Every structure is written in C-alpha cells, then in structure tokens.
Amino acid sequence: MEKIESNLVASVIKAVGSLYNKSIEPNFVQIQKTRKDFKGDITIVVFPLLKFSGKGPEQTANDLGNYLVQHFELVEGFNVIKGFLNIEISKQYWFSFLEDIYLTKGLEGGQLFHTSSPKKIMVEYSSPNTNKPLHLGHIRNNLLGYAVANILKATGNEVLKVNLINDRGIHICKSMLAWQKFGNGATPESTGIKGDHLVGDYYVRFDQEYKAQTKELMSQGMTEEEAKKQAPILLEAQEMLRKWEAGEEEVLSVWRMMNQWVYNGFDETYKRLGVDFDRLYYESQTYLLGKQIVLDALTKGLLYKKEDGSVWADLTEKGLDHKVLLRSDGTSVYMTQDIGTAHQRFEQYHIDSHIYVVGNEQNYHFQALAIVLGKMGFDWADKIFHLSYGMVELPEGKMKSREGTVVDADDLMDEMISTARQMSEELGKLEGLSAEDINKTLNIIGLGALKYFILKVDPKKNMVFDPKESIDFNGNTGPFIQYTYARIKSILRKAADAQIVFDLKQASAVNMGDKEKELVKLLYDFPMVVQEAAKEFSPAIIANYCYDLAKEYNQFYHDCPILKEADIAVKSLRFALSQQVSQAIGYGMKLLGIDVPERM
RNA sequence: GGUCUGGUAGCUCAGUUGGAUAGAGCAACAGCCUUCUAAGCUGUGGGUCACAGGUUCGAUUCCUGUCCAGAUCACCA
C-alpha cells in the first residue's frame with residue numbers, strides 16, 4: 001500500500017500546480033498528524049503556500065481541500081481552521097490497511113520496519129568492572145544496549161552485541177588483597193554469597209582498611225595527601241598489580257579464581273535481566289592493543305613525543321586539549337586501548353558502524369577518541385558513535401558507593417518481583433495458576449515494571465529513581481501495557497475456546513467507528529516509530545508508543561464490546577483489530593526486551 | 001575558569017524537521033464492577049515551558065545573553 005504522507009505531498013504539489021499554476025518543492029508541503037481535538041486525520045499547514053496562492057490562509061486551505069477531495073480517492077473530506085487544512089482520509093484506506101496487516105503480512109513480518117540501507121553494526125554495552133556487583137546504573141546501560149541492538153536488528157541491520165569486561169587493574173587487585181588478608185579462604189560455595197557480591201564485599205573491606213590506615217598515618221603527623229599515597233595496604237595493592245603485569249602465577253591464580261566468581265555472578269544477573277552478547281572481550285587481553293598503532297602514527301608525524309618519552313596528540317585545533325596516548329614508561333592508557341580495539345573490530349569484522357553505550361561522564365573521552373582516530377587517518381573514524389546516556393540519580397543526588405547508597409541490581413530485581421507478588425495477591429490475580437506459572441508471571445511483571453521505568457526515559461537525560469517509593473504498577477508503566485496485552489489475549493483465548501472463527505472479509509469500512517479508526521491509525525504509525533527509534537537510538541520512542549497504543553486500546557475496550565457484539569461484521573473487525581494491537585504491543589515490548597504475559 | 005548536557009504541573013516524564021487551546025502518569029478530590037480481567041475507564045483542580053532579548057505570519061522548539069543543576073577538562077578506567 002502506498003504511504004499516505006508521500007501520496008499527499010505529491011497531491012498537494014499537483015493541486016498547487018493546477019490551482020495557482022505554480023510549481024513548488026516538496027518541503028513547502030508541511031504535513032502533520034491532526035491534533036486530537038480537531039476533526040480529521042492529517043493536517044496540512046498552508047502558511048508556507050500563501051506566497052504561491054496569493055490568497056489568505058482560509059481561502060487557500062479551502063481551495064486545496066476542495067481540489068483534493070475531488071481529485072484524490074484517498075481524501076474523503078476536510079475542514080479548515082485558521083491556516084490549518086484538516087484532511088480526512090477515507091475510511092476505506094484505513095480498513096484496507098488493517099486488512100493488509102491482518103490478512104497478509106502482520107506487523108511483525110514483512111519488510112515494514114526495514115531501512116533502505118542496512119548496515120553491519122557493532123554495539124558495545126555493559127562493560128563492567130569485575131570488582132563489584134552490578135547496580136542500577138549498569139541496569140540502564142544493559143537495557144539500553146540490548147534494546148538498541150534489538151531495534152537496529154528489527155530495522156534490517158546486522159548487529160553484533162559485544163561486552164568489553166574490565167577484568168584487570170588496581171580495582172580488582174584491591175579486592176584480591178583484602179580477600180587474602182581478611183577472607184580466611186571464603187568462597188561463594190562456603191559462604192553462600194553470590195560471587196560478584198562476595199568480591200564486592202572485599203572491595204569494600206579494602207576501602208575500610210585503607211581509610212583506617214590513612215587516618216592512623218595522619219595521626220602520626222602526615223598530611224592527608226601523603227597518607228593517602230603511603231597507606232601500606234595501597235602500596236601492597238600496587239605491588240600486586242605489578243606482579244600481575246609481570247605474570248606471576250601466584251597472583252594470576254587468585255585473579256582467575258576471583259574473576260570467575262564474578263563472571264558466574266554476572267551471568268546470573270544478565271540472565272535475569274534478559275540481556276546477552278554475541279562476543280565477550282576482556283581487557284586483560286586487549287589492554288596492550290593500540291600501542292603499535294600509536295607508534296606508527298608517531299613516526300608519520302601525526303603525534304608528538306615529549307622529552308620524558310610520553311606520546312601525545314594535539315587536539316587544540318578541534319577545541320580540545322592535548323591528550324596522552326603512551327606514558328613516559330611506554331605503557332598504554334585507556335585511550336590507547338580504545339584505539340586498538342576499534343581498529344581491530346573495524347578490520348576484522350568490516351563493520352559499518354560502532355556504537356558504544358557508555359555514560360555521559362565519558363563524553364569528553366569519546367569526543368577525543370573520534371578526533372584522535374581521524375587524526376591518525378582512519379577512514380572509519382566518523383563511524384564510531386557514543387550512545388551517551390544520563391546518570392540514574394537518587395532524590396538526594398548521585399549514588400555513592402562509599403555512602404552505601406548504591407542500588408544493587410540483584411536486590412532491585414528481587415524487590416520488583418516481590419512487589420509484583422504482593423500486588424497480584426491483593427488483587428487476587430493468580431488464582432488457578434500453577435506455582436510455576438505464578439513465578440513466571442511475577443517475573444515478567446516485576447521486571448517489566450523495572451525495565452519500562454528505565455527505558456521510557458529519553459536516554460540522554462538524567463533520571464531520578466526513588467528507592468523509598470517502589471516503582472509503580474499503575475498508569476504509565478510496564479504492567480499497564482502488559483495488562484492491556486493480557487486482556488486482549490484473554491479475548492483471543494475465549495474466541496478460540498468457543499471455536500469462533502472471525503473473518504475480517506465479512507466486515508467493511510462502514511463497520512469502522514471512531515475508536516476503531518484511532519487504533520488503526522496508531523497501528524499505521526508503528527513502523528515509522530520503530531524506524532525513528534532506530535535513527536535516534538532511542539528505545540524511549542517505542543516505549544511511549546506502546547503506552548499510547550495501550551491507553552487508546554483500553555478506552556476502546558471499555559467502550560466497545562468485542563465478543564459480546566451482536567453484529568458479526570463489527571465483531572469481526574474489532575476482533576481483528578484487537579489481535580493486531582496485541583501483536584504490536586507484544587512486538588514493541590519485545591524490542592525493548594520486555595516480556596508480556598498471557599494473563600495477569 | 002574552558003567545554004558539553006539539561007531546566008516543561010507539587011513529583012516522575014512526553015512533546016516528531018518551528019504550527020492550532022503545551023500533554024500523560026503519580027499524588028489530591030469526585031464518579032464507574034449482575035456485562036469480554038477495575039493493574040482498567042471517566043471527570044475536577046494544578047503551567048509566566050528557568051529568565052531576558054532576537055529571528056518570523058507563528059517559538060517550549062532555532063540564535064544570543066543571564067541564572068540554576070549536572071558532567072567533564074589526569075602519565076585513572
């Protein structure tokens with residue numbers, strides 16, 4: 001079926017040509033959805049056309065409206081308010097659209113969502129440190145990365161999800177050291193504590209000891225600055241890192257063991273969260289990459305070396321500062337590794353684009369990275385994209401691990417599910433379900449509430465999470481949308497049980513009321529919404545669409561009987577429509593990584 | 001101090017390339033379950049779109065300045 005918008009633009013151009021004998025560019029035809037308080041489906045803003053018509057807004061709009069109604073089947077009627085020409089698209093068109101998706105393709109199938117230029121895209125997300133468990137900030141990262149990858153796939157791209165795990169460095173040495181000193185051989189098995197939490201506990205333990213030692217040194221007359229550098233436990237941790245880099249087996253074996261604990265813990269969290277990866281990278285294997293590339297660029301004169309031997313990039317012409325790429329002792333920094341891994345990925349996988357899902361605190365880093373890569377002459381330098389997302393804040397400000405205000409990912413998921421249980425029991429929703437089904441459903445609802453809460457917010461904005469008020473289940477929430485889905489499914493089940501077969505062919509455009517039309521219009525928007533979300537890397541666009549659709553459907557559900565409708569034609573139409581809405585909701589939520597329950 | 005984000009109802013958030021009377025939810029209040037699941041639906045109240053200029057037929061949207069908040073500017077990652 002031809003799209004309404006392009007059809008209408010062409011029609012208006014023809015109309016202007018015929019009415020006023022002027023030829024105009026498409027960008028003068030401004031089209032938008034008609035606002036709900038007015039009659040009509042699509043609105044043409046006529047102000048830009050006045051200079052061609054030479055008439056006032058009202059007159060011009062009426063001229064156009066009359067012409068369109070007479071010459072184009074698609075246009076059924078119109079009204080003019082001020083300079084706005086509100087067009088009514090024929091009900092036949094909307095009905096045909098519903099027929100089209102219901103009888104042939106279905107929204108999910110076909111090429112409805114695909115872009116004209118598919119790409120091979122790598123999405124890096126999660127990228128945790130291995131010294132502590134995941135928290136709410138990581139949840140936002142994981143959900144965003146996973147959803148964006150889904151959306152890009154749905155629009156026809158080939159997507160590779162990767163996770164670069166930061167498994168080395170001073171932070172993990174701190175946990176290792178504290179475990180050796182204070183752990184008495186504790187393991188996840190011996191303590192029953194999840195591996196990543198156990199390792200995190202020793203990271204906290206290290207910090208306690210470090211603070212105590214610093215305080216002690218200060219009481220002996222050291223300045224705070226000195227004391228922070230001289231605390232014995234810190235020196236030990238630094239020594240441990242040196243041993244790790246020297247490859248001493250004694251250190252490596254502890255490192256491998258504790259990291260494995262963490263990986264087991266992460267795997268569990270990822271699984272519950274419903275995210276996954278096509279490939280894992282470990283910094284211990286990539287942190288030396290990039291050095292040769294930097295040295296090559298140095299010999300080409302693209303970088304410069306200071307007297308102390310450190311290598312720098314001058315980014316001042318781009319408005320940034322100078323950036324170190326190799327330390328004076330010749331070792332790599334963070335940026336060096338990113339240069340190396342980016343190079344490796346573009347060369348090895350021949351990707352067209354690389355998306356890094358990383359918090360906005362690293363905006364500067366990625367800006368600098370792109371400039372450095374460009375300076376080094378890589379033609380893919382402008383193909384890297386930093387999907388920068390805002391911080392999750394508490395009502396009183398940032399989460400601080402030192403103050404114990406970090407919201408732990410596992411705890412939060414537990415809480416969401418227990419809230420779901422409490423709500424469901426109060427409402428008596430779970431009667432007649434098996435224990436297994438109950439758990440499955442509560443899992444879907446609890447996680448749905450959490451995921452939707454996070455994904456409905458524009459990624460680039462900071463967002464506030466109040467741990468005291470648990471995440472809502474009413475209103476603009478995941479469960480609201482899930483509930484709409486479950487109610488439709490219930491209707492579909494009932495029809496199937498009664499062996500009622502609905503045939504949309506029995507219905508026609510005349511059976512379509514205003515509510516039905518509004519829903520079809522929303523369904524019509526769905527592919528564009530998905531494409532927009534892909535373009536903007538914003539799952540929030542899909543989340544808000546799902547809400548709008550569910551909201552609209554609930555009104556329809558309230559006002560219009562479906563199975564109880566007497567007129568078989570109307571009944572069939574409503575049934576088909578409900579079925580399509582459930583598909584769109586289910587698919588939209590799936591793109592967000594949110595499951596929907598068959599009943600709740 | 002430089003750079004980058006952001007500032008919309010008491011709170012959490014929408015608001016498509018500039019368009020009509022700026023929208024939801026939560027919270028508050030008032031209604032709707034003998035009828036397909038009331039985690040729903042309907043209604044009421046709530047706004048100087050931070051502030052001031054500019055661009056134009058028209059600005060929450062674009063530009064400039066001011067104020068406020070956050071991030072960042074390491075031989076950390």
Side-chain angles (χ1 to χ4, degrees), chain A residues 27 30 32-38 43 45 47-48 50 57 81-84 86 127 129 166 168-171 283 287 306 308-312 319-321 323-335 337-338 359-365 367-368 388 390-391 393 395 397-398 420 423-424 426-429 445 449 453 456-458 460-466 469 472-484 486-495 528-529 532 536 540-541 543-544 547-548 550-551 554-555 557-565 574 578 599-600:
Chain A
N27 57 325
Q30 285 192 25
Q32 59 195 248
K33 291 173 73 174
T34 301
R35 293 179 54 133
K36 267 212 154 163
D37 355 311
F38 300 97
T43 295
V45 186
F47 293 108
L50 300 184
I81 296 168
K82 296 183 184 173
F84 300 90
N86 300 324
S127 308
N129 289 355
N166 185 10
R168 63 164 286 280
I170 191 73
H171 50 85
E283 287 207 1
Y287 79 109
K306 281 191 181 174
D308 62 8
S310 55
V311 178
W312 295 75
L320 302 191
D321 216 330
K323 189 82 197 168
V324 68
L325 296 179
L326 290 176
R327 297 191 185 96
S328 49
D329 63 5
T331 56
S332 300
V333 294
Y334 180 42
M335 176 81 72
Q337 176 192 247
D338 270 353
N360 62 13
E361 58 209 346
Q362 293 194 32
N363 285 354
Y364 183 86
H365 171 78
Q367 197 187 348
S388 163
M391 300 289 100
E393 291 169 358
K398 257 190 114 172
M423 296 275 296
S424 300
E426 276 172 23
L427 295 168
K429 294 283 186 182
I445 298 170
F453 177 82
K456 76 168 175 185
V457 181
D458 182 346
K460 66 173 180 288
K461 287 195 174 176
N462 288 357
M463 59 180 292
V464 177
F465 171 75
D466 189 345
E469 296 176 25
D472 235 303
F473 284 67
N474 302 310
N476 187 355
T477 67
F480 173 94
I481 297 166
Q482 290 172 324
Y483 181 63
T484 306
R487 288 207 297 194
I488 297 175
K489 281 296 181 176
S490 170
I491 288 178
L492 302 185
R493 270 197 307 273
K494 284 197 166 128
M528 275 177 298
V529 167
E532 181 71 10
E536 299 292 325
I541 293 172
N544 285 304
Y547 174 67
D548 289 340
K551 180 97 186 139
N554 282 343
Q555 290 169 20
Y557 180 92
H558 184 264
D559 295 348
C560 307
I562 299 157
L563 296 175
K564 299 196 184 249
E565 169 62 40
R574 288 178 182 171
S578 299
R599 53 176 292 183
M600 67 186 272

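Quantities reported herein were computed from a predicted structural model and do not represent experimental measurements. Every chain is numbered from 1 and lettered A, B, ... according to where its sequence line falls, protein lines coming before strand lines. Just the heavy atoms: all of them, side chains too, but no hydrogens, waters or symmetry mates, feed the values below.
For the side chain to side chain donor-acceptor pair (under 3.5 Å) test, no residue two or more places apart in sequence or in another chain qualifies with A/S332. For A/Y334, the ring pair (Phe, Tyr, Trp, His ring centres under 6.0 Å) partners two or more places apart in sequence, or in a different chain, are A/H365. With sequence neighbours excluded, the residues forming a salt bridge (charged side-chain N to carboxylate O under 4.0 Å, His left out) with A/E565 are A/R574, listed by chain and number. Contacts of A/Y547 classified as ring pair (Phe, Tyr, Trp, His ring centres under 6.0 Å), with partners at least two apart in sequence or in another chain: A/F480. Under the side-chain contact (heavy atoms from CB on, under 4.5 Å) criterion, A/E283 pairs with A/L164, A/N166, A/D167, A/R168, A/T286, A/Q337, sequence neighbours left out. Under the rule for a side chain to side chain donor-acceptor pair (under 3.5 Å), A/K564 has no partner lying at least two apart in sequence or in another chain. Judged as a side chain to side chain donor-acceptor pair (under 3.5 Å), and not counting sequence neighbours, the contacts of A/S388 are A/N363.
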side-chain contact (heavy atoms from CB on, under 4.5 Å) for A/N544 and A/V529? Distances and angles first, verdict last.
CA-CA 10 Å; A/N544 285 304; A/V529 167; over 6 Å; no
Residues A/I491, A/Y557; criterion side-chain contact (heavy atoms from CB on, under 4.5 Å); working and verdict: CA-CA 11 Å; A/I491 288 178; A/Y557 180 92; 3.7 Å; yes
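Rounded to whole Å, the distance from CD1 on A/I481 to P on B/A24 is 16 Å. In this structure, the CE atom of A/M335 is 12 Å from the C1' atom of B/A77, given to the nearest Å. Rounded to an integer number of Å, the gap from CD of A/Q337 to P of B/C76 is 14 Å. Distance, A/I541 CD1 to B/G15 C1': 12 Å, rounded to whole Å.
Regarding contacts with the backbone of B/G25, a side-chain N or O of A/K551 is found under 4.0 angstrom from either OP1 or OP2.
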Which atoms of nucleotides 34-38 of chain B (N or O only) lie under 3.5 Å from a protein N or O atom, and what are those distances?
unit_1 : atom_1 : unit_2 : atom_2 : d
B/U35  : O2'    : A/K564 : NZ     : 3.1
B/C36  : O3'    : A/K494 : NZ     : 3.0
B/C36  : O2     : A/I562 : N      : 3.4
B/C36  : O2     : A/L563 : N      : 3.0
B/C36  : N3     : A/I562 : N      : 3.1
B/C36  : N4     : A/Y557 : O      : 2.4
B/C36  : N4     : A/C560 : O      : 2.7
B/U37  : OP1    : A/S490 : OG     : 3.0
B/U37  : OP2    : A/K494 : NZ     : 2.7
B/U37  : O2'    : A/Y483 : OH     : 2.3
B/U37  : O2'    : A/R487 : NH1    : 3.4
B/U37  : O2     : A/K429 : NZ     : 2.6
B/U37  : O2     : A/M600 : O      : 3.4
B/U37  : N3     : A/M600 : O      : 2.7
B/U37  : O4     : A/M600 : N      : 3.1
B/A38  : OP2    : A/R487 : NH1    : 3.1

Table of protein N/O atoms under 3.5 Å from nucleotides 72-74 of chain B N/O atoms:
none

Polar atom pairs between nucleotides 16-20 of chain B and protein, under 3.5 Å, N or O only, would you list them?
unit_1 : atom_1 : unit_2 : atom_2 : d
B/G19  : N7     : A/Q30  : OE1    : 3.0
B/A20  : OP2    : A/R35  : NH1    : 2.9
B/A20  : N6     : A/T43  : OG1    : 2.8
B/A20  : N6     : A/N86  : OD1    : 3.1
B/A20  : N1     : A/N86  : OD1    : 3.2
B/A20  : N1     : A/N86  : ND2    : 3.4

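Nucleotides B/G43 and B/G7 place their C1' atoms 32 Å apart, quoted to the nearest Å. Spacing between B/U64 and B/U12 at atom P, rounded to whole Å, works out to 29 Å. B/G6 and B/U17 are spaced 14 Å apart, taking the P atom of each and rounding to whole Å. The gap from the C1' atom of B/G25 to that of B/A9 amounts to 12 Å, rounded to the nearest Å. Nucleotides B/G46 and B/A38 place their C1' atoms 26 Å apart, quoted to the nearest Å. Using atom C1' as the reference point in both B/G19 and B/U44, the two lie 30 Å apart (nearest Å). Separating the P atom of B/U72 from that of B/A39 is a span of 44 Å, rounded to the nearest Å. B/A69 and B/A28: their P atoms are spaced 32 Å apart (whole Å).
With hydrogens and angles ignored, no donor-acceptor pair under 3.5 angstrom links the side chain of A/T477 to the base of B/A39.
Side-chain N or O atoms of A/S310 include none that pairs as donor or acceptor with a backbone N or O of A/K306 at under 3.5 Å. Within the 3.5 Å criterion, the main-chain N or O of A/G390 finds no donor-acceptor partner in the side chain of A/N462.
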Scoring nucleotides 6-14 of chain B by protein non-hydrogen atoms under 4.0 Å (B base, S sugar-phosphate only, - none) yields SS----SSS
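Here the closest heavy-atom approach between residue A/A540 and residue A/D458 is recorded as CB-N, 3.8 Å. Taking all atoms of both residues into account, the shortest heavy-atom contact from A/R599 to A/A486 is CA-CB, 3.8 Å.
Residues A/M391 and A/N360 are in side-chain contact: their nearest non-hydrogen atoms beyond the backbone lie under 4.5 Å apart. Counting heavy atoms from C-beta on, the side chains of A/F473 and A/I445 come closer than 4.5 Å. Using a 4.5 Å heavy-atom threshold, the side chains of A/V45 and A/F84 count as touching. Residues A/T477 and A/Y483 form no side-chain contact, since every pair of their non-hydrogen atoms from C-beta on lies 4.5 Å or further apart.
Nucleotide B/C33 is shown with a syn base, its glycosidic torsion being within 90° of 0.
Both A/N166 and A/Y547 sit near RNA chain B, but only A/Y547 has its closest nucleotide nearer the 5' end. Along RNA chain B, the nucleotide nearest to A/Q367 and the one nearest to A/N474 differ in position, and the one closer to the 5' end is contacted by A/Q367.
Stem analysis of RNA chain B (at least three stacked-register Watson-Crick or G-U pairs, each with both distances under 3.5 Å) gives B:1-7 with B:67-73, B:10-13 with B:23-26, B:28-32 with B:40-44, B:50-54 with B:62-66.
Residue contacts for A/I170: at a heavy-atom cut-off of 4.0 Å it reaches no nucleic acid atom on any strand shown.
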